[in-house]
Amino acid sequence: MITLHGFAASNYYNLVKHVLLYKDLPFKENLLYASSEALLAISPAGKVPVITTDEGLELSESSVICDFIEDTYPATPLYPENAGERAVVRQIMKMAELYFELPSRRLIPYAFSGTAVPESIATEVRQVLSRGITALSRLSKFSPWVAGEELTMADIYLYYVNTIVSAFGSSQLNWDVLAEVPGMKEWNNAMSQSAIAQKVEADRQANIPEFMQKVAAQIKAANAG
Ligand SMILES: N[C@@H](CCC(=O)N[C@@H](CS)C(=O)NCC(=O)O)C(=O)O
């Protein structure tokens, strides 16, 4: 059986959890926070999420984990059979990670510490997000799913990327980034209605107070040091 390690406030953790639930696979959750010894023992970069298997596999990087789950449990497929179509799905995931997720993440330390985002960083983040908006506007079909008629891994991946883009774009840049991609907000709302997304969201909400305590303790330790 797969064990999913990490914490439910993490969107990366949640996208893998959504995939496991979508495929109806049995799995256990093991609550681990970043920089704990237990996490460092199984995660080469000390990042969440990690999955471990009964066979002794330890795997991190959410998109790599998604591929492993698909390859190992191909029932209820989340990638198209055709290699070209599969690559297009992965292309959307990659663009979402590089030009939506990663720039938005640069805003998180400022949001958590309550300090203003320096203008140079805000400018850089806006530029990368603009590239993401262009790329995802060109690639997304929303007919009704992001890559076309079938729900794919790209839907799950982009949906959880968007939680970060939406939260920190609006709070730190006063920018409704998702509204810039035609059809994105409607699709995002539809994704949020599924029973799986709602379960993942309820678990996320439940974890937020403890997660924020950890963040506050880290900020205090950093300021003291
Ligand atoms: N590229 C990684 C990123 C994972 C990641 O950044 N996870 C965050 C939690 S949402 C984390 O572990 N942060 C702790 C740290 O950066 O030390 C993936 O796709 O899984």
Side-chain angles (χ1 to χ4, degrees), residues 2-22 27 29-53 57-71 78-79 89-113 121 125 128-129 132 136 152-169 171-172 197 200-201 203-223 225:
I2 288 176
T3 302
L4 174 62
H5 307 263
F7 53 92
S10 157
N11 65 320
Y12 286 114
Y13 178 92
N14 286 338
L15 75 88
V16 172
K17 182 166 161 180
H18 192 120
V19 169
L20 291 166
L21 290 167
Y22 185 82
F27 67 100
E29 290 182 80
N30 181 34
L31 179 64
L32 286 184
Y33 287 100
S35 51
S36 65
E37 287 303 318
L39 179 67
L40 288 170
I42 53 172
S43 172
K47 292 271 187 179
V48 161
V50 182
I51 61 162
T52 53
T53 66
L57 181 70
E58 295 169 350
L59 207 55
S60 51
E61 288 301 319
S62 52
S63 58
V64 175
I65 296 172
C66 289
D67 282 1
F68 168 77
I69 294 171
E70 179 75 8
D71 291 345
L78 277 167
Y79 286 112
V89 166
R90 290 199 173 107
Q91 180 180 219
I92 295 169
M93 293 164 66
K94 181 64 96 179
M95 301 274 177
E97 179 185 13
L98 292 178
Y99 309 128
F100 256 24
E101 172 92 41
L102 294 180
S104 303
R105 276 191 168 263
R106 296 191 62 193
L107 304 170
I108 294 179
Y110 304 100
F112 284 174
S113 63
I121 292 187
V125 169
V128 184
L129 284 171
L136 289 169
T152 66
M153 199 67 89
D155 290 281
I156 297 173
Y157 195 90
L158 179 60
Y159 175 66
Y160 288 96
V161 163
N162 280 352
T163 59
I164 298 292
V165 178
S166 172
F168 298 103
S171 71
Q172 304 307 300
V200 172
E201 174 60 13
D203 291 351
R204 186 186 77 85
Q205 295 281 356
N207 179 237
I208 291 284
E210 189 174 271
F211 171 68
M212 290 313 290
Q213 275 178 10
K214 299 266 173 203
V215 170
Q218 270 175 7
I219 292 172
K220 199 172 160 195
N223 289 341

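Computed from a predicted model, the values in this text were never measured in an experiment. We count ligands from 1, going down the list as the structure has it; atoms in each ligand are counted the same way.
A salt bridge links Glu101 to Arg105: at least one charged side-chain nitrogen sits closer than 4.0 Å to a carboxylate oxygen.
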Which side-chain N or O atoms in residues 157-169 pair as donor and acceptor under 3.5 Å with protein atoms at least two apart or in another chain?
| unit_1 | atom_1 | unit_2 | atom_2 | d |
| --- | --- | --- | --- | --- |
| Tyr160 | OH | His18 | ND1 | 2.7 |
| Asn162 | ND2 | Asn188 | OD1 | 3.0 |
| Thr163 | OG1 | Tyr160 | O | 2.6 |

Under 3.5 Å, side-chain donor or acceptor atoms of residues 41-53 against the rest of the protein: list the pairs with distances, not counting sequence neighbours.
| unit_1 | atom_1 | unit_2 | atom_2 | d |
| --- | --- | --- | --- | --- |
| Ser43 | OG | Gly46 | N | 3.2 |
| Ser43 | OG | Lys47 | N | 2.8 |
| Ser43 | OG | Lys47 | O | 2.8 |
| Thr52 | OG1 | His5 | NE2 | 2.7 |
| Thr53 | OG1 | Glu55 | N | 3.3 |
| Thr53 | OG1 | Glu55 | OE1 | 3.4 |
| Thr53 | OG1 | Leu57 | N | 3.2 |

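Ordered by chain and residue number, the residues placing a heavy atom less than 4.0 Å from ligand 1 are Phe7, Ser10, Tyr12, Ala34, Lys47, Val48, Pro49, Glu61, Ser62, Arg105.
Residues forming a side chain to side chain contact (heavy atoms under 4.5 Å, CB included) with Ile208 (at least two apart in sequence, or on another chain): Ala9, Arg204, Met212.
Classified by interplanar angle (parallel below 30°, tilted 30° to 60°, perpendicular above 60°), the ring pair Phe211/Phe7 is parallel.
Among all heavy-atom pairs drawn from Ala38 and Leu32, the shortest one is CB-CD2, 3.6 Å.
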